[in-house]
Amino acid sequence: MKDGFIKVAVASPELRVADCPFNKERMTEKAGIMAEQGVKLMVFPEYSLTGYTCNDLFLQDTLLEGTLQALREYKEETKELDLVSVLGMPYLHRGRLYNVAAVVCHGKICGLVPKSYVPNYGEFYEARQFAAWDQPNTRILFSWGEETVLGTRLLFEAEGMPEFTFGIEICEDLWTPIPPSGGLAMAGAAIIVNPSASDELTGKAAYRRDLVKNQSARTLSAYLYADAGEGESTQDMVFAGHNLIVENGAILAESEPFARDHDLVTEIDLFRLRSERRRMTTFTMMADPERGGYETRRFCVETQGETKLSRHYDRTPFVPDTKTYREERCNEILNIQANGLAKRLKHTGCSSAVIGLSGGLDSTLALLVTVRAFDCLGLDRGGIMGVTMPCFGTTNRTYENAVHLAEELGTTLREVDIKEAVTIHFRDIGHDIQVQDVTYENGQARERTQILMDIANQSGGMVIGTGDMSELALGWATYNGDHMSMYGVNCSVPKTLVRYLVQYHADTSDNGSLKKVLYDVLDTPVSPELLPPKEGEISQKTEDIVGPYELHDFFLYYVLRCGFSPSKIYRLAVYTFQGEYGKETIFKWLYTFYHRFFCQQFKRSCLPDGPKVGTVSVSPRGDLRMPSDASDALWKAELDRIHESLI
């Protein structure tokens with residue numbers, strides 16, 4: 001399946017307790033509907049053929065025989081459907097009853113997986129009728145002559161796509177100290193399937209949700225949880241059909257308890273899970289699952305087509321996606337930045353910090369972080385020197401915002417006009433000041449850095465870097481200019497997150513004047529202001545030159561965090577930004593991203609220290625250990641193929 005996407009479904013169809021023919025019919029109908037939608041893996045709840053609440057009826061031959069008949073009919077009636085089904089049922093083996101999940105595909109029973117831990121407490125009395133499985137995998141023969149395997153150490157793998165491998169644990173198995181899913185994941189299962197019948201109690205839905213999320217995250221897997229619904233008996237318990245589909249700890253789909261429609265359909269990104277596992281070296285994969293007693297059972301579904309996407313992708317993957325925890329997340333990020341700086345200040349004995357204040361987003365965030373660090377150490381904010389250095393491209397708007405920020409935050413402001421110094425420098429190196437090229441721009445940037453470093457020497461302080469991770473990824477920094485500092489507080493904060501943090505500070509500030517300045521900074525176009533303004537307005541807008549930062553941050557996340565190919569990132573970007581950016585625009589800036597990302601690595605190879613705040617950074621000592629002279633030929637060849645499809 002292209003790019004590793006497979007469509008999966010979890011459903012709790014209408015059910016009648018102990019009515020196997022009725023339940024089989026509803027499941028067959030549901031499987032047909034899901035197959036039409038392109039679903040390749042379909043999961044039903046525990047005991048879905050009989051109902052969980054049959055109790056002592058499970059000891060009746062009639063029910064057990066009816067179950068086998070329903071299983072046989074289901075596999076025959078769904079054999080033309082291109083999907084693999086997991087359904088729950090009781091199974092009698094050598095005089096003992098087992099709670100099993102049957103795996104069915106194209107008219108074949110691929111295997112039966114019994115429950116490992118059978119509860120016998122509270123409202124659950126399964127052990128009265130059922131035994132826990134404690135034996136090796138064993139071959140069994142159905143009455144109609146079909147052979148399969150019964151056991152807990154089974155992996156189910158799609159032919160031609162080894163990434164599409166799943167394992168099964170059943171309900172209570174997940175609640176135990178060492179769930180079977182841990183071993184299944186280490187043996188190669190990228191998907192864990194859990195047919196369950198979990199009754200509804202006050203607060204249990206939240207606990208269940210956290211349990212599934214945590215196990216999915218710990219096993220770096222997709223977790224499909226199918227819960228029994230309202231058709232179960234309510235004699236002593238009530239069931240709510242609380243279904244979940246979770247990928248690496250993130251909920252992709254969830255049905256509300258007692259909702260009328262429990263069906264969940266979404267896509268699992270198997271290549272994303274593969275990427276997570278290969279980068280997480282503490283997640284130990286078994287070199288040979290057979291040695292762990294795991295047997296691979298193969299099934300056949302079509303894996304060559306392109307799965308139509310329906311799941312949600314955030315346009316800003318670096319930005320916290322919930323308003324509920326906005327304050328908590330923003331404070332957490334700001335505290336990481338501030339405490340990193342505080343430690344460096346304390347270690348060096350510095351009570352002075354020097355920041356180049358441009359009136360833009362990055363220097364504003366750096367100033368806010370430095371203020372927080374000084375407050376943490378109990379230092380006088382007057383020791384923070386904001387230096388504004390107007391030159392040829394400075395506008396009144398950014399200059400005044402820089403001045404007002406320093407005043408409202410109680411820091412020291414110093415102005416050094418660099419126009420004359422830069423003009424003399426151009427004369428000294430023989431550069432025509434009318435030629436507004438890269439020398440013209442970078443000469444200003446390096447002059448500013450020289451001034452900041454020298455003022456830091458004067459004050460016995462350190463220069464605080466303002467550049468963000470998005471700029472570093474694109475190399476949008478002047479080497480030995482704004483590229484250099486003594487501690488870069490924004491070095492792992494992408495531009496979209498910088499904006500989010502400044503917005504948060506503006507929204508929550510009690511200082512009306514500071515709030516006004518911050519809102520104006522947020523409303524100011526991103527610019528290095530190295531070219532003269534036009535009619536008093538900023539003439540050099542960064543996003544017109546290198547592209548929209550929301551696109552670049554999207555690219556950056558999936559390049560570094562997931563290791564995706566250009567074609568997959570392009571596909572995700574087109575899908576995610578549809579209606580805002582056209583395919584040609586997205587391709588243009590994706591090509592720009594890869595070109596700049598590779599050729600500008602030399603700037604990242606010698607970055608100053610700075611704190612990591614999220615799952616991605618470009619530090620040469622941390623997340624990105626990349627040669628400065630690596631070839632981008634393979635990536636550009638793939639980009640060329642994308643371009644050919646657009647012509």
Side-chain angles (χ1 to χ4, degrees), residues 1 4-13 24 26-46 48-49 70-89 91 100-114 142 146-152 154-170 181 184-185 187-196 221-226 243 245 247 263-270 273 294-305 307:
M1 292 154 193
F5 290 108
I6 63 157
K7 196 172 288 290
V8 299
V10 170
S12 305
K24 182 267 301 182
R26 300 292 82 74
M27 293 165 65
T28 301
E29 290 173 7
K30 190 68 69 177
I33 293 170
M34 295 304 177
E36 288 180 0
Q37 296 181 37
V39 168
K40 299 300 179 184
L41 174 58
M42 175 80 211
V43 187
F44 295 107
E46 188 177 14
S48 48
L49 279 177
L71 174 64
R72 185 178 184 182
E73 291 176 5
Y74 177 85
K75 79 182 185 71
E76 289 300 321
E77 293 170 11
T78 60
K79 66 182 179 181
E80 300 302 324
L81 303 180
D82 191 46
L83 85 171
V84 56
S85 307
V86 180
L87 51 150
M89 56 179 275
Y91 181 72
V100 305
V103 178
V104 179
C105 186
H106 286 304
K108 176 185 175 183
I109 300 173
C110 303
L112 300 180
V113 178
F142 290 105
E146 181 177 358
E147 184 181 279
T148 192
V149 178
L150 171 68
T152 55
L154 292 178
L155 298 172
F156 300 90
E157 179 184 301
E159 292 183 9
M161 190 177 185
E163 292 87 0
F164 185 3
T165 299
F166 67 90
I168 301 172
E169 63 185 7
I170 302 175
S181 49
L184 291 165
I191 302 173
I192 303 299
V193 167
N194 189 328
S196 179
S221 68
Y223 203 105
L224 278 57
Y225 187 90
N243 294 329
I245 299 178
E247 182 182 279
D263 295 355
L264 303 179
V265 180
T266 189
E267 301 79 47
I268 297 298
D269 188 346
L270 294 173
L273 295 170
Y294 290 92
E295 177 180 349
T296 300
R297 303 284 292 174
R298 289 181 173 82
F299 59 91
C300 183
V301 293
E302 175 58 49
T303 60
Q304 299 306 309
T307 303

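For clarity, every value in this text was computed on a predicted model and none was experimentally measured.
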Taking C-beta and beyond as the side chain, do [X] and [Y] meet within less than 4.5 Å on heavy atoms?
X      : Y      : result
Val86  : Phe156 : no
Tyr91  : Pro114 : no
Arg297 : Val103 : no
Lys40  : Phe164 : yes
Leu224 : Leu264 : no
Val301 : Leu41  : no
Glu73  : Thr28  : no
Glu169 : Val113 : no

Checklist entry - Yes or no on side chain to side chain contact (heavy atoms under 4.5 Å, CB included) for Met161 and Gln304, after CA distance, side-chain angles and deciding distance? => result CA-CA 9 Å; Met161 190 177 185; Gln304 299 306 309; over 6 Å; no

Could you state the interatomic distance from [atom1] ([X]) to [atom2] ([Y]), rounded to the nearest 0.5 Å?
X      : Y      : atom1 : atom2 : answer
Thr165 : Phe299 : OG1   : CZ    : 7.0 Å
Lys24  : Lys75  : NZ    : NZ    : 13.0 Å
Thr78  : Met27  : OG1   : CE    : 9.5 Å
Leu83  : Glu302 : CG    : CD    : 13.5 Å
Leu184 : Thr152 : CG    : OG1   : 8.0 Å
Ile33  : Leu81  : CD1   : CG    : 11.0 Å

Checklist entry - Which is it for Met34 and Asp263 under the side chain to side chain contact (heavy atoms under 4.5 Å, CB included) test, yes or no, and what are the steps along the way? => result CA-CA 10 Å; Met34 295 304 177; Asp263 295 355; 3.7 Å; yes

Item to check | Contacts of Phe5 that satisfy ring pair (Phe, Tyr, Trp, His ring centres under 6.0 Å) - sequence neighbours left out | outcome: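 Here no residue qualifies.
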
Looking at [X] and [Y], what are the two nearest heavy atoms and their distance?
X      : Y      : result
Lys30  : Pro13  : CE-CB, 4.2 Å
Ala31  : Tyr74  : CB-OH, 3.5 Å
Ala9   : Val265 : CB-CG2, 4.0 Å
Val39  : Met42  : CG1-N, 4.3 Å
Phe142 : Ile109 : CE1-CD1, 3.6 Å
Met89  : Leu71  : SD-CD2, 3.7 Å

Item to check | side chain to side chain contact (heavy atoms under 4.5 Å, CB included) evaluation trace for Asn243 with Val43 | outcome: CA-CA 10 Å; Asn243 294 329; Val43 187; over 6 Å; no

Next on the checklist: Run the side-chain contact (heavy atoms from CB on, under 4.5 Å) test against Glu80 and tell me which residues pass, sequence neighbours left out.
Outcome noted: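 Glu80 satisfies side-chain contact (heavy atoms from CB on, under 4.5 Å) with no residue once adjacent residues are dropped.
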
Item to check | Tyr223 versus Ser181, side-chain donor and acceptor atoms under 3.5 Å | outcome: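 The answer is no; no qualifying pair exists.
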
Checklist entry - Does Glu163 reach the main-chain N or O of Ala190 with its side chain, forming a donor-acceptor pair under 3.5 Å? => result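 No: the side chain of Glu163 does not pair with the backbone of Ala190.
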
Next on the checklist: Quick check against the 3.5 Å criterion: does Lys79 have a side-chain atom that pairs as donor or acceptor with the backbone of His106?
Outcome noted: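 No; judged by distance alone, with no hydrogens or angles, the pair does not exist.
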
Item to check | Trace of the side chain to side chain contact (heavy atoms under 4.5 Å, CB included) decision for Ile268 with Leu273 | outcome: CA-CA 9 Å; Ile268 297 298; Leu273 295 170; 4.1 Å; yes

